[in-house]
There are 2 protein chains.
Amino acid sequence: MGNKEEEIIKAAESMVREGGYNSFSFRDIATAVGVKSSSVHYHFPTKADLGVAVAEYYTNKFLSSLGDPGQLINDGKDPIKIYVRAFKDALLNDKRMCLCGILGSEIDGLPSKVAAQTRIFFERNIEWLTIVYLSKGSKKYAKSKAMQTLSLLEGAMITSNVLTDINVFDKVADLLNHA
Amino acid sequence: MGNKEEEIIKAAESMVREGGYNSFSFRDIATAVGVKSSSVHYHFPTKADLGVAVAEYYTNKFLSSLGDPGQLINDGKDPIKIYVRAFKDALLNDKRMCLCGILGSEIDGLPSKVAAQTRIFFERNIEWLTIVYLSKGSKKYAKSKAMQTLSLLEGAMITSNVLTDINVFDKVADLLNHA
DNA sequence: GTCTATAATTTGATAGAC
DNA sequence: GTCTATCAAATTATAGAC
């Protein structure tokens, strides 16, 4: 991936996470990275292409930050703690929603290929969590637990953001310690 | 509220819930209710005005559908069951996200008065749930539990919508029965 | 209250020079 | 790869007739 491509994707990530897929234009992106909008179109022909690239970039970044669940378990670490921390970091460092949480909430209005890529974020996260819960012994409900954890944290980010109180995230996430 | 105003608000509600605040235009609304866009501006001078009205309308509709929590408790009903059911109804009947879940995820990109009205939805829902959890005896954690329940259900709607599987909602909401 | 007309700006996108 | 120039369509919004 060229340097400019990554710059564009990062600018777009920030803008989607601030106000959603329809909240920014190619000109906004161009200004942010110091080129003209036609140059952005050179790298990403359509807005949907850019949307797909951003969702894919974010998904890979997020999942690789988690590490391999099997490895974490072998190392005696608590993968759920790490998972919760990853969401909180997104909220703390970037002071923003989860990219795929926003895209997910808007999914019925997205171009189909952006919607498809958004779905992949959810599927890969559920896979990751399912492996963890399987290792904890809940054979039958591992996938349900995975979906609960993901949903709770997406919701926690929204509520925390709406109430502009970072402590809300911790209070909500604490449910995972008592379930 | 005039009849046309309500028609406009309902059309806008549907469109926001499909793709967010920036996914529709005054012309879209006008076409949907059979008038010209200038007529929509007559009722709601700016888009932010319409956004506020929609968020307020949705909040009142949702909370009055729940009923009074004290009354429900007195009647020996389970308010949490009713609360979960209200979210599921929104998903089932309208086949759409929670309006304020979408607006909440986009909140940093919304006009400030729309953001403020969105915040009110969250606050009023937390108040409602806090009354319920206080009655169940958890004095210290009632508000935290309220925020957990609201967040879980908002997340459940997103995940269920993204995976286009209504059963996901039930599986996620089931966490409330084991916490 | 709704219409026609229109303004001013923004949008996603393309053609072609350098 | 980036630029200038440009396009057609869409956007929010207003003025004024009916």
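A note on names: the letters A, B, ... follow the listed sequences, proteins ahead of strands, and every chain is numbered from 1.
- Of the side-chain N and O atoms in B/K47, one or more sit less than 4.0 angstrom from OP1 or OP2 of D/dT12.
- Rounded to an integer number of Å, the gap from B/D28 CG to D/dA9 P is 17 Å.
- Within the nucleic acid shown, A/F24 comes within 4.0 Å of sugar-phosphate atoms alone, with no base atom in reach, counting heavy atoms only.
- Residues passing the salt bridge (charged side-chain N to carboxylate O under 4.0 Å, His left out) test with A/K113, sequence neighbours excluded: A/D49.
- For A/Y42 and D/dG1, the shortest distance from a side-chain N or O to OP1 or OP2 is below 4.0 Å.
- When side chains are defined from C-beta on, A/D78 counts as touching A/K136, because their heavy atoms get closer than 4.5 Å.
- Taking only side-chain atoms of A/H41, from C-beta outward, the nucleotide of D/dT11, D/dT2, C/dA13 with the closest atom is C/dA13.
- Listed in residue order, the members of residues 106-118 of chain A having a heavy atom less than 4.0 Å from DNA chain D come to none.
- The shortest side-chain heavy-atom distance between B/Y133 and B/T149 falls under the 4.5 Å cut-off.
- No hydrogens or angles considered: a donor-acceptor pair under 3.5 Å links the side chains of A/Q71 and A/D75.
- Because its NZ or CZ atom is not both nearer than 6.0 Å to the ring centre of B/Y141 and within 45° of the ring axis, A/K171 does not count as a cation-pi partner of that residue.
- In this entry the distance linking NZ of A/K36 with P of C/dT10 reads 14 Å, nearest Å.
- Rounded to an integer number of Å, the gap from CZ of B/F26 to P of D/dT11 is 12 Å.
- Applying the 3.5 Å distance criterion, the base of C/dT4 shares a donor-acceptor pair with the side chain of B/S38.
- Rounded to whole angstrom, the span from the CG atom of A/N22 across to the C1' atom of D/dT12 amounts to 16 Å.
- Listed for the A/D28 side chain is a donor-acceptor partner under 3.5 Å among the backbone atoms of A/S25.
- Separating the CD1 atom of B/I29 from the P atom of D/dA10 is a distance of 16 Å, rounded to the nearest angstrom.
- Listed candidates were D/dT2, C/dT6, C/dC3. Nearest to the side chain of A/K4 is D/dT2.
- Contact between the side-chain N/O atoms of B/S25 and the OP1/OP2 oxygens of D/dT11 is found at a separation under 4.0 Å.
- Residue B/R27 has its side chain nearest to D/dA13 when only C/dT11, D/dA13, C/dC3 are considered.
- Looking at the side chain of B/S37, the nearest of the listed nucleotides D/dA13, D/dT11, C/dA13 is D/dA13.
- Side chain of B/R27 to backbone of B/S37: no donor-acceptor contact under 3.5 angstrom is found.
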